Amino acid sequence: MQVDKYLFRKRETPTLIDSDTASDDTSAITLASALTDLKAITVVAGNVKFENEIKNAIFTKEYLSLNVPIYAGSRRPLLGIWRTVEEVHGTHGMGNIKQIEVKGNVENEFASDAIISLARKYQGELEVFAVSPLTNLALAFLKEPTLPSLIKKIWIMGGAFSRGNASPLAEFNFWTDPESAQIVLNAGFDITIVPWEVTEESAIVYDDEWEEIKSLGTRKSYLFIKANEIMREFSKSKEGLDGSVHPDSLTVSISYDNSIAVKTSKFYVNVETCGMSRGGMLVDWYNMTGNKPNAEIVLKADREKFIKLLISVLSA
């Protein structure tokens, strides 16, 4: 199926992507750098071993010839037992890209401090793509309580309504560090959440679209295919899906074109931190708590618009 091109122009909004860099995080960095004025990449514990995440972030920066600093952050979540998921992303986290060779290094500044510094520099203009566990952001807020007034928007890929991919209830990012998710959600930021079920439905790349991306023959399309091949096979064989799912990329795309989020609503949202339901997203659907909404949730997204934007960026 030939997908029509999406006419896009780079927004001048200063952004930061907080990433546990593997597979689709790489694709999200590709989109963020093409669609916005990306100022920094911060790295946090999550998908794969931390040293591999760092190397993957540097590799992506160098492969795409990006002039952005990379800051290493928390090497583990605040509390609890957690695990990396190399079975989803490949041994190093970059799918079938075997040689992850890099020349550069990360900055000396700790990621949470860099978030604070950039928020102060751009004074209410900075938008953050939080497509990973929220440890770096939680630590930044705990150090600088005025941070919600300094950051314009946080776009969170995280949480599940009921169909978890890390436990029967919890999505991986919230499950990895629910304490940090709870801190960030209740800090007073302007937040939009893109939950797992919405991405399963609207961030899926089917086989014909996958082949179209492969045929583009650009550096970006090659990176997308090779980095996501193992994740695609996992999605198809283990999760029973008909293609590869790209939740981080959908989140960045919605920030760029809000019309991709065709249905949203504001709720009070919290996160469970105990027992078998640890990491579960608690949505106060009927205002039972009486608390004011603290996040807007994307309930439905336009898959066709997302695919058009993705292919247009990868073809450039």
Side-chain angles (χ1 to χ4, degrees), residues 1 3-4 6-8 11 24-25 27-28 31-32 35-36 127-132 134 153-166 168-175 181 184-185 189-210 213 228 231-232 235-236 239-271 279-288 292-313:
M1 182 183 74
V3 176
D4 294 334
Y6 183 115
L7 297 177
F8 70 90
R11 285 199 297 124
D24 187 43
D25 300 73
S27 306
L31 285 165
L35 299 173
T36 72
E127 297 190 14
V128 176
F129 303 125
V131 295
S132 53
L134 294 168
K153 182 81 175 182
I154 297 181
W155 302 89
I156 293 177
M157 189 286 118
F161 296 125
S162 61
R163 200 164 64 239
N165 64 354
L169 181 63
E171 175 275 331
F172 179 78
N173 289 339
F174 279 20
W175 175 85
V184 171
L185 285 169
F189 293 105
D190 183 349
I191 290 171
T192 292
I193 298 172
V194 182
W196 172 247
E197 288 93 338
V198 173
T199 69
E200 265 194 326
E201 178 182 291
S202 300
I204 188 166
V205 174
Y206 293 120
D207 289 348
D208 56 345
E209 296 154 350
W210 180 270
I213 291 171
N228 288 294
M231 187 188 73
R232 175 174 178 257
S235 295
K236 296 178 77 171
E239 296 175 324
L241 300 172
D242 294 327
S244 58
V245 182
H246 301 271
D248 301 345
S249 294
L250 178 63
T251 303
V252 173
S253 298
I254 289 172
S255 81
Y256 176 77
D257 181 354
N258 296 168
S259 73
I260 294 174
V262 295
K263 185 178 181 182
T264 68
S265 193
K266 293 182 178 181
F267 300 98
Y268 176 72
V269 183
N270 214 331
V271 182
M281 182 170 70
L282 307 176
V283 181
D284 189 2
W285 296 98
Y286 302 111
N287 195 28
M288 292 179 177
K292 292 181 179 179
N294 60 355
E296 182 176 35
I297 299 180
V298 176
L299 302 172
K300 189 173 181 59
D302 188 325
R303 196 190 77 86
E304 289 189 7
K305 272 191 177 181
F306 165 65
I307 294 297
K308 285 181 181 180
L309 180 57
L310 175 67
I311 290 180
S312 294
V313 169

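As the structure is a computational prediction, the values presented were derived from the model and not from experiment. All residue numbers in this chain count up from 1 along the given sequence.
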- Taking the inter-plane angle between the rings of Phe8 and Tyr256 on a 0 to 90° scale, is it parallel (under 30°), tilted (30 to 60°) or perpendicular (over 60°)? perpendicular

- Do the rings of Trp285 and Phe267 sit parallel, tilted or perpendicular, given the 30° and 60° boundaries? perpendicular

Is the side chain of [X] donor-acceptor paired with the backbone N or O of [Y] at a distance under 3.5 Å, no angle test?
X      : Y      : value
Ser202 : Ala301 : yes
Asp242 : Tyr206 : no
Asp302 : Val262 : no
Asn173 : Gly158 : no
Glu197 : Phe161 : yes
Glu200 : Val245 : no
Asp24  : Ser27  : no

Compare every heavy atom of [Y] with every heavy atom of [X], then report the nearest pair and how far apart it is.
X      : Y      : value
Ser162 : Leu169 : CA-CD1, 4.0 Å
Ser265 : Leu299 : CB-CD1, 3.9 Å
Ile193 : Ala295 : CD1-CB, 3.8 Å
Ala170 : Gly280 : CB-N, 3.9 Å

[X] [atom1] to [Y] [atom2] distance, which is reported to the nearest 0.5 Å:
X      : Y      : atom1 : atom2 : value
Trp196 : Phe174 : CH2   : CZ    : 14.0 Å
His246 : Asp25  : NE2   : CG    : 12.0 Å
Asn165 : Trp175 : CG    : CH2   : 10.5 Å
Tyr268 : Leu282 : OH    : CG    : 9.0 Å
Leu309 : Ser253 : CG    : OG    : 4.5 Å
Met281 : Ile297 : CE    : CD1   : 4.5 Å

So do [Y] and [X] actually touch side chain to side chain, heavy atoms under 4.5 Å?
X      : Y      : answer
Leu310 : Leu31  : yes
Asp257 : Tyr6   : yes
Ile254 : Val194 : yes
Val205 : Ile307 : yes
Thr251 : Val298 : no
Trp210 : Asn228 : yes

- Side-chain H-bond candidate by donor/acceptor type, Lys153 with Ser255, under 3.5 Å: no

- Return yes when atom CD of Glu239 has more than 12 non-hydrogen atoms of other residues, nucleotides or ligands closer than 6.0 Å, and no otherwise. yes

- For Glu201, what residues pass the side-chain contact (heavy atoms from CB on, under 4.5 Å) criterion, not counting sequence neighbours? Lys300

- Query: Considering residues at least two apart in sequence or located in another chain, which fulfil the side-chain hydrogen bond (donor to acceptor under 3.5 Å, both in side chains) criterion with Lys236?
  - Reply: Asp207

